**Q** 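I'd like to ask some things about the structure below.
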2 protein chains.
Amino acid sequence: MELPVATERGAADELARTLREAIQRLNRRVRQTRPVGDLTPGQLSALTSLQLAGALTPRELADVERVQPPTMTKIVGKLEERGLVIRTPHPTDGRQVILAPTEPGRAVYAQFEQLRNEWLADQLAALEPEDRAVLVRAAEILQQVARA
Amino acid sequence: MELPVATERGAADELARTLREAIQRLNRRVRQTRPVGDLTPGQLSALTSLQLAGALTPRELADVERVQPPTMTKIVGKLEERGLVIRTPHPTDGRQVILAPTEPGRAVYAQFEQLRNEWLADQLAALEPEDRAVLVRAAEILQQVARA
DNA sequence: CACGATTCTTAGCCTAGCTAATGAGCTTGG
DNA sequence: CCAAGCTCATTAGCTAGGCTAAGAATCGTG
């Protein structure tokens with residue numbers, strides 16, 4: 001009888017190495033597309049999370065961004081200064097605040113999103129259809145893994 | 001007659017969106033594994049580049065890390081303080097300096113590498129073999145794209 | 001209703017990024 | 001052959017973004 005656990009583990013280790021390297025490199029390439037309205041990566045990331053969630057409290061946004069609340073206070077402060085985000089009081093809890101992107105904030109996000117996809121989409125368009133099909137399936141699997 | 005270019009472009013755009021989202025999330029998860037010898041992400045990244053290249057001048061390392069030379073001076077200074085990197089004079093050009101990881105530097109890199117792979121390998125080991133096979137092929141394609 | 005918990009912010013510190021400027025050392029054109 | 005100009009690394013000084021500690025306001029509960 002074979003040792004499926006052991007061999008699965010070895011395959012997983014090997015795959016983890018190459019996959020992580022590829023992901024890291026890709027991320028660097030994609031992230032170089034930045035200078036949209038002078039926003040820093042941290043500000044863009046926070047704005048993105050806010051855009052995807054619709055509205056969040058500072059605490060929730062800090063959790064999503066894996067950052068401590070005081071750090072998020074600073075970042076949100078910058079975004080608010082630029083009019084990209086608005087703070088409104090929580091309807092029932094006086095301690096809390098609701099953060100939401102403004103209309104300009106949503107526009108900046110959309111512009112950034114498009115720019116950021118451009119390079120990757122160019123690369124993908126140049127692939128063979130079979131390779132793209134593999135990546136379509138892989139993207140689903142990776143989404144699932146990332147959510148775990 | 002169909003419009004292969006247009007449809008390929010649409011498929012590539014769609015794929016770019018989901019793939020980038022998955023990659024971004026994965027990268028965040030993987031990057032949370034950090035605290036190896038108190039090194040910050042910037043220090044780890046520089047040490048990794050140095051380890052992969054063997055030896056580089058500060059200028060070269062700054063280029064690889066997509067950072068300005070003064071920034072790299074600071075980071076290398078920290079790594080040198082901890083004995084993870086060594087500066088030696090360039091054999092023929094008195095202006096330049098050669099940076100290389102020390103033995104402890106290589107050890108820290110290896111330890112970090114292993115830690116960083118662990119979480120991802122765990123996730124991958126839990127997948128169905130078919131899914132893992134898809135990712136093996138996808139990793140190759142993504143490596144190729146990242147190098148482009 | 002008073003006390004503990006939670007939420008956000010402020011204060012103060014460090015790292016990491018930038019540009020501008022400096023000093024040392026190469027390189028080349030007259 | 002040497003002076004002018006370039007390149008490399010570093011220093012100085014700024015901003016952003018990360019942290020912990022501590023504070024004020026509010027909530028909730030015993």
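Every chain is numbered from 1 and lettered A, B, ... according to where its sequence line falls, protein lines coming before strand lines. Note that this is a predicted model, so its numbers are computed, not measured. Note that these values count all heavy atoms, side chains included, but never hydrogens, waters or copies made by symmetry.
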**Q** Run the side chain to side chain donor-acceptor pair (under 3.5 Å) test against B:Glu80 and tell me which residues pass, sequence neighbours left out.
**A** B:Arg87
**Q** Who passes side chain to side chain donor-acceptor pair (under 3.5 Å) against B:Glu140, sequence neighbours left out?
**A** B:Arg137
**Q** Within residues 56-63 of chain B, find the residues that approach DNA chain D with a heavy atom at under 4.0 Å, and present them sorted by residue number.
**A** B:Thr57, B:Pro58, B:Arg59
**Q** Could you work out, with side chain to side chain contact (heavy atoms under 4.5 Å, CB included) as the rule, every residue matching A:Pro58, not counting sequence neighbours?
**A** A:Val97, A:Leu99
**Q** Could you give all pairs that pass the salt bridge (Lys or Arg N to Asp or Glu O under 4.0 Å) test and reach residues 118-127 of chain B, with sequence neighbours left out?
**A** A:Arg9-B:Asp122
**Q** Among residues 85-96 of chain B, which residues get a heavy atom nearer than 4.0 Å to DNA chain C?
**A** B:Thr92, B:Asp93, B:Gly94, B:Arg95
**Q** According to side chain to side chain contact (heavy atoms under 4.5 Å, CB included), who are the partners of A:Pro104, at least two apart in sequence or on a separate chain?
**A** A:Leu84, A:Thr102
**Q** Tell me, please, which residues at least two apart from A:Gln43 pass side chain to side chain contact (heavy atoms under 4.5 Å, CB included).
**A** A:Leu39, A:Thr40, A:Ile75, A:Lys78, A:Leu79, A:Arg82
**Q** Do A:Glu65 and A:Ser45 have a side chain donor and acceptor closer than 3.5 Å?
**A** yes
**Q** Can you pull every protein N or O that's under 3.5 Å from an N or O on nucleotides 18-21 of chain D?
**A**
from: D:dG18; atom 1: O6; to: A:Lys74; atom 2: NZ; distance (Å): 2.2
from: D:dC19; atom 1: OP2; to: A:Gln68; atom 2: N; distance (Å): 2.7
from: D:dC19; atom 1: OP2; to: A:Thr71; atom 2: OG1; distance (Å): 2.9

**Q** Test of understanding: with side chain to side chain contact (heavy atoms under 4.5 Å, CB included), list the residues that count as partners of B:Glu130, not counting sequence neighbours.
**A** B:Glu128
**Q** For residues 103-113 of chain A, pull every pair meeting salt bridge (Lys or Arg N to Asp or Glu O under 4.0 Å), keeping only residues two or more places apart or in separate chains.
**A** A:Glu103-A:Arg106, A:Glu113-A:Arg116, A:Glu113-B:Arg20
**Q** Holding to side chain to side chain donor-acceptor pair (under 3.5 Å), I want the full list of residues that pass it with B:Gln96, two or more places apart in sequence or in another chain.
**A** B:Asp93
**Q** Rounding to a whole Å, what distance do you find between A:Leu99:CG and C:dT9:C1'?
**A** 13 Å
